[in-house]
Every structure is written in structure tokens, then in C-alpha cells.
*Asks:* 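One structure follows; several queries about it will come next.
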Amino acid sequence: MTAPIAIIGAGIAGLSAAHVLNTAGHEVHLFEKSRGSGGRMASKRSDVGSLDLGAQYFTARDRRFIDAVNQWRAKGCVAEWDPALYQYRAGALTPSQDEQPRWVGTPRMSAITRAMVGDLPVSFGCRITEAFRGPQHWSLQDAEGHNHGPFSHVIIAIPAPQATPLLATAPKLAAVAAGVVMDPTWSAALAFKTPLETRVEGCFVQEGELDWFARNRCKPGREADYDTWVLHGTSAWSRAHLDASKEQVIEQLHGAFAEIIGCAVPEPAFTLAHRWLYARPAQSHQWGALADADLGIYACGDWCGTGRVEGAWLSGFDAASRLLDHLQ
Ligand SMILES: Cc1cc2nc3c(=O)[nH]c(=O)nc-3n(C[C@H](O)[C@H](O)[C@H](O)COP(=O)(O)OP(=O)(O)OC[C@H]3O[C@@H](n4cnc5c(N)ncnc54)[C@H](O)[C@@H]3O)c2cc1C
Ligand SMILES: NC(=O)C1=CN([C@@H]2O[C@H](COP(=O)(O)OP(=O)(O)OC[C@H]3O[C@@H](n4cnc5c(N)ncnc54)[C@H](OP(=O)(O)O)[C@@H]3O)[C@@H](O)[C@H]2O)CC=C1
């Protein structure tokens, strides 16, 4: 019997790879350090409903990804989001509608990876710390010292700085991953009992602390008891405030939002902040995925491509396709 393929990371890249391999008849096993799937597409359940603190929406430009999005739409876990878009630049907030289709998971962003997991075997709450290559097979060690294996191949689908130590057996791949810089993003959520008197539903911000903010509850399927907003700091601001307290971050981003939004902003009934240490690669790459076919180890994730949801999905697809090619 052939040993299964190990996939480390149950974000969209790891699950995209798992789907390709599973469809081709291969047994896979996923390892995920968190309690649920999704990674940076996860949603936070809170007293004011679930909040998309990471990815806000995604676009689909590649035909293969468009096909996947259409399948998710048919299953009901994705819907189009057509917000009233604005931009803020040179001190002015102006409408900035465009024709670009934008997609979100429904009823929350995490619904997509939840559907992708389906019946696949996943070990949740299991952080892999080492990957060893024996004479024939791979084995993995987790943070509690447990061993997992044997596996025929390993796909590492986690952010580059976290992937680097797991690629120690393949020094060339490790060196490439080590050279990838990933920028942080501070995310804050505010919830108001009384809706803010504004038409804005999403805003690209081109100056100051903020990069983007959106009215979370206007996305399809979201709970609507509170008027919920998600605010993202720029990479530069987030890096400069990496060690700030959550209270300081909420205060500053709330203040910046109140300056821009152009209506009265009362004290929020609920707030939270989340720091994404490895939010996005500082620059795009065109690697697709990294592979050492002789060893049977692969690395993928948004950092191998465009640094977005589509890029992560395509990278997982590419890693799995290369593995299948190498098996032939
Ligand atoms: C604040 C923010 C806003 C964003 N906005 C958008 C947007 O609007 N549109 C867009 O297209 N993209 C956006 N992105 C980017 C998008 O979310 C990512 O490109 C994409 O989700 C990355 O997917 P991934 O599978 O490569 O990585 P991840 O989602 O990071 O998945 C990796 C998974 O591996 C797990 N893991 C890590 N280390 C280990 C380990 N050692 N062992 C086991 N498991 C491990 C993690 O818990 C995680 O679940 C945003 C990202 C952030 C942070
Ligand atoms: N914060 C993070 O860590 C992080 C944020 N990411 C953001 O994800 C979206 C997705 O990018 P994508 O290319 O899929 O979407 P768009 O085509 O909607 O946006 C791309 C950039 O183009 C500018 N833009 C697009 N539409 C408009 C508009 N109607 N009015 C004004 N500007 C628009 C905008 O860039 P600038 O603010 O002008 O620099 C968009 O950012 C995207 O927002 C990323 O920033 C991805 C990964 C991590």
C-alpha cells in the first residue's frame, strides 16, 4: 500500500493541493496548527457575529480559479459582493465604483475552506515543527513531540518564514523561502448599536494609518444586529506598531476611521484587534510553487505568487500538479 501525502497547513493553498491530489485518487492527510481551517481566510466568531478579520474579498482572473469559484457558488459557500466603494486620498472621501466582480465566502469567509475540507482527514491543533526524510518515506514531528508518518511526499503550505525551518532537508528550497519578506497587518473591528449615517461599504485608503475599511455586515449572509466594521492598518503602520497593545491599536485605527468616514462616530459597543504577523509578501513572485521532486517535498502558498487568495489557490494547484507530473 502506498503511504499518504502529508500537507502542512489547511489554508486555501493546502486545501487546493489536497483537492487536486484527492481527485486524482491519492490519499492525503492535512496538519493544521489552529482549531479550524482557513488561515488568513478565517473568520472570528464574536458577540456581534462573525467578522472577516483577514481576507476581505477576492477577485478571480485565472480561468482555473474562476471555475473553482463557480463550483463554490453552486454549493452556496461563495457569493458576489458589490459594495458601495469609496476611496480616500488627498483628504477627500469620494465614490470609486468599478466593474470588478468581487467574491466573499457566505455566511462568512471561512465557509469556503470549511467546504473544501469536507471529509478530508485533518489533524487540527497540530503544529508541525520538523519534517524528516528516511530511506523511503517522510515523517513529521509536532510541537508536542509526537511523530506522524510514514508519508510518500510532503507539501508545506504555510507562510514562507514558517516554512523555512520545515524545509531544512531541502536547503535550496529553504534558501528561497528564507529570502521572502512578509509584511504584517493590524486588523481592528468596531461594532455600533446604531448604524453609522454613511453610504460607504468599502474604502481604499491611500494615506495615513489605514489601508482599507469595510462594513462587514453588508456582505451577503452576515448577521445584522450591529453595524460592524473591519479596519486594516497599512503594512508600514502595522510594522511600526508591531508591539503596540491591542487597546492602542484600536484607539488609533478608530481615530483614523472617524477622521475619514465623514459622519458622527459614537463609542463602539464592541471592539477587537488581531495582529497578522505574516499578512502578505512584500512583493509578488512568479514561482507557482517550489519543488524538489527527487526528495518529494514541495512548498506553496500566496508568497509563491501574487500574495492574494487567488494566488494562494493557484500555488496549491501548482504544487499538486507538479507532484502528479513527477509520479508519472
Ligand atoms: C489582513 C489581511 C487582509 C487580506 N485581504 C485580502 C483580500 O481582501 N483579498 C485577497 O485576495 N487576499 C487578501 N489577503 C491575503 C489572503 O488572505 C492570503 O493570500 C491567503 O489567504 C493565503 O493563503 P495560504 O493558504 O497561502 O496561507 P494561510 O492562509 O496563512 O494558511 C496557512 C495555514 O497553515 C497553518 N500553519 C502555519 N504553520 C503551521 C505549522 N507549522 N503546522 C501546521 N499548520 C501550520 C496556519 O494556521 C494556516 O491555517 C489578506 C490577508 C490578510 C492577513
Ligand atoms: N492587508 C493585507 O494584509 C492584504 C490585503 N490585500 C488586499 O486584498 C485586496 C485584493 O486585491 P485584488 O487585486 O484581488 O483586488 P482589487 O482589484 O479590488 O484591488 C487591487 C488594488 O487596486 C486598487 N483598487 C481596486 N479597485 C479600486 C477602486 N474601485 N478604487 C480605488 N482603488 C481601487 C487598490 O489599490 P490602492 O489602494 O489603490 O493601492 C486595491 O488594493 C486588495 O485590496 C489588497 O490590498 C491582499 C493581501 C494582503
Side-chain angles (χ1 to χ4, degrees), residues 9-20 23 36-45 49-87 95-118 157 185 187 189 199-205 211-224 228-232 276 279-281 284 300-318:
I12 192 136
L15 285 163
S16 163
H19 178 73
V20 172
T23 305
S37 63
R40 283 168 278 160
M41 290 178 77
S43 311
K44 170 91 181 163
R45 286 175 198 263
S50 67
L51 297 159
D52 301 332
L53 294 179
Q56 296 294 292
Y57 64 85
F58 53 93
T59 55
R61 297 177 168 105
D62 183 284
R63 173 43 57 195
R64 295 163 296 176
F65 187 57
I66 292 171
D67 289 344
V69 172
N70 284 334
Q71 286 169 25
W72 297 332
R73 286 174 75 192
K75 284 187 183 168
C77 62
V78 161
E80 186 166 359
W81 182 44
D82 185 18
L85 275 179
Y86 283 68
Q87 64 178 341
S96 190
Q97 216 59 38
D98 62 25
E99 298 296 312
Q100 175 67 53
R102 294 181 172 83
W103 306 99
V104 293
T106 52
R108 54 190 72 88
M109 196 54 101
S110 57
I112 300 168
T113 56
R114 169 95 29 119
M116 291 170 87
V117 167
T185 296
S187 180
R199 292 171 57 83
V200 178
E201 294 181 326
C203 181
F204 297 100
V205 185
D211 181 48
W212 160 263
F213 58 82
R215 198 166 213 161
N216 192 78
R217 75 155 187 184
C218 75
K219 294 179 179 178
R222 269 61 178 175
E223 299 93 334
T228 48
W229 293 78
V230 171
L231 326 176
H232 285 164
W276 299 97
R280 58 168 136 199
S284 291
C300 60
D302 63 338
W303 52 277
C304 289
T306 56
R308 298 181 290 109
V309 169
E310 180 178 41
W313 185 92
L314 285 169
S315 179
F317 184 95
D318 193 59

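Nothing here was measured: the structure is a model prediction, and the numbers come from that model.
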*Asks:* Of all the heavy-atom pairs spanning F213 and V200, show the shortest one and how long it is.
*Replies:*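 Distance-wise, the nearest heavy atoms are CE1-CG1, 3.9 Å.
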*Asks:* What pair of heavy atoms forms the shortest contact from G221 to P107, and how long is it?
*Replies:*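 Looking at all heavy atoms of both residues, the shortest contact is O-CB, 3.6 Å.
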*Asks:* Compare every heavy atom of T113 with every heavy atom of G11, then report the nearest pair and how far apart it is.
*Replies:*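 It is C-CG2, 4.4 Å.
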*Asks:* Does the side chain of V78 come within less than 4.5 Å of Q71's, by heavy atoms?
*Replies:*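 They are not in contact (no side-chain heavy atoms under 4.5 Å apart), so the answer is no.
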*Asks:* Can you find a pair of side-chain heavy atoms, one from S315 and one from D302, that are under 4.5 Å apart?
*Replies:*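 No, side chains not in contact.
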*Asks:* In Å and rounded to the nearest 0.5 Å, what is the CZ to CG distance from R280 to D211?
*Replies:*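 If I round to the nearest 0.5 Å, the distance is 5.0 Å.
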*Asks:* Rounded to the nearest 0.5 Å, what's the gap from OG1 on T228 to CG on D52? Could you check?
*Replies:*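 These two atoms lie 9.0 Å from each other.
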*Asks:* Nearest heavy-atom pair of A42 and S110: which atoms, and what distance?
*Replies:*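 A42 and S110 have their closest heavy atoms at CA-CB, 4.2 Å.
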*Asks:* To the closest 0.5 Å, what do you measure between NZ (K44) and CG (L51)?
*Replies:*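 These two atoms lie 9.0 Å from each other.
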*Asks:* Take atom CZ in R114; do more than 12 heavy atoms of anything else shown fall under 6.0 Å from it?
*Replies:*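 At most 12 heavy atoms, drawn from other residues, nucleotides or ligands, come within 6.0 Å of this atom.
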*Asks:* When you look at T106 and R222, which way does the side-chain contact (heavy atoms from CB on, under 4.5 Å) test go after all the steps?
*Replies:* CA-CA 8 Å; T106 52; R222 269 61 178 175; 4.0 Å; yes
*Asks:* Please work out which of the three classes, parallel, tilted or perpendicular, describes the rings of F65 and W313, given edges at 30° and 60°.
*Replies:*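 Tilted, since the angle between the ring planes falls between 30° and 60°.
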*Asks:* Going from CE on M109 to CD on Q56, what distance comes out if it is rounded to the nearest 0.5 angstrom?
*Replies:*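 The distance works out to 7.0 Å.
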*Asks:* When you look at V69 and E310, which way does the side-chain contact (heavy atoms from CB on, under 4.5 Å) test go after all the steps?
*Replies:* CA-CA 10 Å; V69 172; E310 180 178 41; over 6 Å; no
*Asks:* Given side chains that start at C-beta, do those of Q100 and R61 come closer than 4.5 Å, heavy atoms only?
*Replies:*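 The answer is yes; the side chains approach within 4.5 Å.
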*Asks:* Donor-acceptor pair, R40 side chain versus A279 backbone, under 3.5 Å?
*Replies:*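 Looks like yes, one N/O pair under 3.5 Å.
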*Asks:* Is the backbone of F317 close enough, under 3.5 Å, to the side chain of S16 for a donor and an acceptor to pair up by distance?
*Replies:*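 Indeed, once roles are kept as given, a pair shorter than 3.5 Å links the two residues.
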*Asks:* Would you give the length of the straight line joining atom CH2 of W212 to atom CG of L231, rounded to the nearest 0.5 angstrom?
*Replies:*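 With rounding to 0.5 Å, CH2 (W212) is 11.5 Å from CG (L231).
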*Asks:* Minimum heavy-atom separation for Q97 and L85, please, with both atom names.
*Replies:*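 Minimum heavy-atom contact is OE1-N, 3.0 Å.
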*Asks:* Walk me through whether I112 and W103 qualify under side-chain contact (heavy atoms from CB on, under 4.5 Å).
*Replies:* CA-CA 11 Å; I112 300 168; W103 306 99; over 6 Å; no
*Asks:* Can you list every salt bridge (Lys or Arg N to Asp or Glu O under 4.0 Å) pair that touches residues 97-109, not counting sequence neighbours?
*Replies:*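 Residue pairs passing salt bridge (Lys or Arg N to Asp or Glu O under 4.0 Å), neighbours aside: D98-R102.
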*Asks:* Kindly indicate whether the side chain of D318, heavy atoms from C-beta on, has any atom under 4.5 Å from the side chain of C300.
*Replies:*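 Answer no - side chains too far apart.
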*Asks:* Y86: which residues meet the ring-ring contact (aromatic ring centres under 6.0 Å, His included) condition with it, sequence neighbours left out?
*Replies:*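 Residues passing ring-ring contact (aromatic ring centres under 6.0 Å, His included) with Y86: none at all.
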*Asks:* For the pair W81 and Y57, name the ring-plane relationship: parallel under 30°, tilted 30 to 60°, perpendicular over 60°.
*Replies:*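 It falls in the tilted class, 30° to 60°.
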*Asks:* Identify the heavy atoms of S187 and W276 that sit nearest to each other, and give their distance.
*Replies:*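 For S187 and W276, the tightest heavy-atom pair comes out as CB-NE1, 3.9 Å.
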*Asks:* Show the numbers, then the answer: is there a side-chain contact (heavy atoms from CB on, under 4.5 Å) between R63 and I66?
*Replies:* CA-CA 5 Å; R63 173 43 57 195; I66 292 171; 3.5 Å; yes
